[in-house]
Amino acid sequence: MNIKERIEQEAIKAAQKLYGIEENTSVPVQKTRKEFEGDYTLVVFPFTKAARKKPEQIAEEIGHELQESIAEVEAYNVVKGFLNLKLTTDFWVNEIALLQSGGKQRLEKVAAPDKIMVEFSSPNTNKPLHLGHVRNNLLGYSIANILAARGHEVVKANLINDRGIHICKSMLAWQKSGKGETPENSGTKGDKLVAKYYVDFEREYQEEIKQLVAQGMEKDQAKREAPLLKEAQEMLRKWEAGDPEVLSLWKTMNGWVYEGHNKTYESLGVSFDQFYYESNTYLLGKDLINEGLEKGVFYKREDGSVWCDLTADGLDEKLVLRSDGTSVYMTQDIGTAELKYQDYHINRSIYVVGDEQEYHFKVLKLIMQKLQRPYANGIYHLSYGMIDLPTGRMKTREGTVVDADDMIFEMRDVARKQTELLGKTESLSEQELQALYTNLGLGALKYFLLKVDPKKRMVFNPEESIDFQGNTGPFIQYNFTRIKSVERKLGHHLASIAVEQIPDTLSAQERELCMMLYSLNEVLAEAENNYSPAVIANYCYELAKTFSSFYADSPVIREEDAAKRNFRLALIHQIEQTLSFSASLLGITLPEYM
RNA sequence: GGCCCCGUGGCGCAACUGAAUAGCGCAUCAGAUUUCGGCUCUGAGGGUUACAGGUUUGAAUCCUGUCGGGGUCACCA
């Protein structure tokens, strides 16, 4: 039990004794605000009804009790209904000493770990990844890290949408005008090459529509009847019929895309444990549709289409199988959900998918519940907002999409320019420099995308780009390098420092830092509960910022008081460890120099 | 139109899920470095938390309504 929980428990005990409050009364224990004296604050208002006394008096009485019952409470003061508790210096210093000596594990694992699958990325195979995918990838990767840090067993999955009309369009255009072009002979990244043909298709297709309209056809009809579209649909039929030539081309072109996507994943630093392909899973859902029909969860209409009536649940009727017997998106997802369970026996399944699909996942969960799947209640849609440009949404057709590779390249470039401007890295080799630019550029990008609450929409302005100063990834990285620099100056590892003497006093900043280090597990729990890496990002920043402020006016190596010096060395080592661990949850690497 | 999400200083974000005078960064202004790394630190100005009611000892947070922005309601994925 941590100190906060003990304070809460003892406070309730005291209030029971003094005022006879009910056992399940909850009292908020929070960090004491800067302007007051203390470490933790108990809000006593919830006791006023039972006590029938003034809040000040209650706080005074509880404070007295707590000082008796908790040895670590050194002093207290009362401001209105707020009881501010100050813990002993010994307590904080010992906490650091324990971490430092390895007498206490940094991470508290959950008592009952879950088996969790986190599905993210899930790209189409007809185009490269863009900034929206980057947010998706970082969110998924980070939440998987956070859950694993909590002690859960996590499988990272990528469900690839590799079949359908979209890829046929690229294939058709390549067949018609590709002249055997490949990533190798053209020097073009595979995903970009396939996208080029997709764009070609769309251009020609639009041209055909225009001509048909010019000949007097209605636009909607022209869209349906354009010869190119017909050809693409014919190709899809051949694909479904297993036509060897079509399948071969499909495999080849998808292969190009995978190669391209993998490069992007690699440069982003994300990875997966399991890949699923819709071409493998799209038929699977049909068995469950039949099961649902037998159980009466679904019903069949005269035309043969299968539906699920969700009107009783406040939703509408949802198609789960087309009249021609082919599967829709929902059929696939039902099948994939089952497959995931068969493969891993997961009890929680997280889908990192944009918020435009909230309805879809609401329905999916409901259907799985109706099918009485054991994992149904564990389905969670980690929904996140779109990234907009100052001009509005990113649109493929208008060419306003921010490409992921370009973005990463540009971030690296800004990092390089910044670094060269500051000229503090002369000692680094060319290879180290390249690695550094990558770290800094990606650090800035990842922090920028992850610091915002996932559910919020965000605007990315390419003109203003991404800051490297203030509340940013590089700020965190910079403060880490300062600690590393102290270590080099010291001449031996900070890890070897043992805290043996208790300093007389701690500064406000030192206390603050101790509390922050102490609250890591609480922060992780909050990040898990809210499915929000932003909580971690915030924590990293606050920790780095508080360190920076501490470092500005507290000497470390130069400190003459031996007890203080030693404690500070241990403290910054713990900050360094915690910072690098927390940043790693966001996929951010902290460099030794910059 | 039905349902869902969002609205916090000029801009970008916080606020531990109901508590103290709503925090931080950018930008603006004023300071700090021959000292462990200035991509830094200290300070100033800037807010009726979209608006109007309500619940509560206490509301940015909960409820109702209004306004504004977005999403979604396909035999697309």
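Here is how names work: the chains are called A, B, and so on, in the same order as the sequence lines, proteins then strands, and each is numbered from 1.
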Quick one: look up who [N] pairs with, Watson-Crick or G-U, both distances under 3.5 Å, and put none if it's unpaired.
N     : value
B:A44 : B:U28
B:C13 : B:G23
B:G1  : B:C73
B:C67 : B:G7

Practice item. Would you mind telling me which of A:Asp191, A:Asn161, A:Asp162, A:Asn254 makes a side chain to side chain donor-acceptor pair (under 3.5 Å) with A:Thr125? Key: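 Testing A:Thr125 for a side chain to side chain donor-acceptor pair (under 3.5 Å) against A:Asp191, A:Asn161, A:Asp162, A:Asn254 leaves exactly one candidate, A:Asn254.
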**Study point:** Cationic N near anionic O, under 4.0 Å, A:Glu225 to A:Lys230
**Key:**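 A salt bridge is absent here (no side-chain N lies under 4.0 Å from a carboxylate O).
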Check your understanding: Charged N to carboxylate O below 4.0 Å: is that the case for A:Lys484 and A:Glu487?
Key ->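 Salt bridge present between A:Lys484 and A:Glu487.
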When you measure from the side-chain N and O atoms of [X] to the phosphate of [N], is any distance below 4.0 Å, counting only OP1 and OP2?
X        : N     : answer
A:Lys80  : B:U21 : yes
A:Lys49  : B:U57 : no
A:Lys451 : B:G25 : no
A:Arg33  : B:A20 : yes
A:Arg393 : B:G69 : no
A:Lys54  : B:U57 : no
A:Arg488 : B:G37 : no

Review point. Is it true that atom NZ of A:Lys4 has more than 12 heavy atoms of other residues, nucleotides or ligands lying nearer than 6.0 Å?
Key: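 Yes - once you tally the heavy atoms of other residues, nucleotides and ligands closer than 6.0 Å, there are more than 12.
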Between atom [atom1] in [X] and atom [atom2] in [N], what is the gap in whole Å?
X        : N     : atom1 : atom2 : result
A:Glu35  : B:A15 : CD    : P     : 18 Å
A:Lys31  : B:U17 : NZ    : C1'   : 17 Å
A:Ile58  : B:U57 : CD1   : P     : 14 Å
A:Leu310 : B:U72 : CG    : P     : 19 Å
A:Leu450 : B:C13 : CG    : P     : 14 Å

Counting side-chain heavy atoms from C-beta on, which of [options] comes nearest to [X]?
X        : options             : result
A:Phe475 : B:A20, B:U40, B:G37 : B:U40
A:Gln30  : B:A77, B:G25, B:A19 : B:A19
A:Thr32  : B:A77, B:C36, B:A20 : B:A20
A:Met458 : B:C13, B:C36, B:G37 : B:C13
A:Lys456 : B:C24, B:A14, B:C39 : B:A14

Roughly how far apart, to the nearest Å, are [N] and [M] at atom [atom1]?
N     : M     : atom1 : answer
B:G46 : B:G9  : P     : 15 Å
B:C26 : B:A20 : P     : 25 Å
B:G58 : B:U17 : C1'   : 16 Å

Is [X] touching bases, backbone alone, or none of the nucleic acid, heavy atoms closer than 4.0 Å?
X        : value
A:Lys362 : nothing
A:Val328 : sugar-phosphate
A:Ser549 : sugar-phosphate
A:Thr326 : nothing
A:Asn530 : base
A:Asp333 : nothing

**Study point:** Nearest-nucleotide comparison on RNA chain B, the residue closer to the 5′ end among A:Arg163 and A:Glu356
**Key:**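 Result of the comparison: A:Glu356.
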Check your understanding: Taking for each residue the nucleotide of RNA chain B bearing the nearest heavy atom, is the 5' side occupied by A:Pro28 or by A:Glu464?
Key ->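 Final value for this comparison: A:Glu464.
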Check your understanding: Are A:Thr472 and A:Gln469 close enough, and set up right, to give a side-chain hydrogen bond (donor to acceptor under 3.5 Å, both in side chains), and what steps lead you there?
Key -> CA-CA 6 Å; A:Thr472 65; A:Gln469 263 131 42; over 6 Å; no
Ring-base stacking, [X] with [N] (5.5 Å, 30° cut-offs):
X        : N     : result
A:Phe36  : B:A20 : yes
A:Tyr478 : B:G37 : no
A:Phe45  : B:G58 : no

Check your understanding: Within 45° of the ring axis of A:Tyr277 and under 6.0 Å from its six-membered ring centre, is that where the NZ or CZ of A:Arg163 lies?
Key ->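 Geometry flag: not set, cation outside 6.0 Å or 45°.
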Review point. If you take all heavy atoms of A:Leu389 and A:Val459, which pair is closest and at what distance?
Key: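 In this case the closest contact between A:Leu389 and A:Val459 is C-CG1, 4.1 Å.
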Exercise for review: Mind running salt bridge (Lys or Arg N to Asp or Glu O under 4.0 Å) on A:Lys86 and A:Glu37 for me, showing each step along the way?
Suggested key: CA-CA 7 Å; A:Lys86 186 177 177 185; A:Glu37 168 86 15; 3.4 Å; yes
**Study point:** B:U17, syn or anti by chi within 90 degrees of zero
**Key:**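 This nucleotide is in syn.
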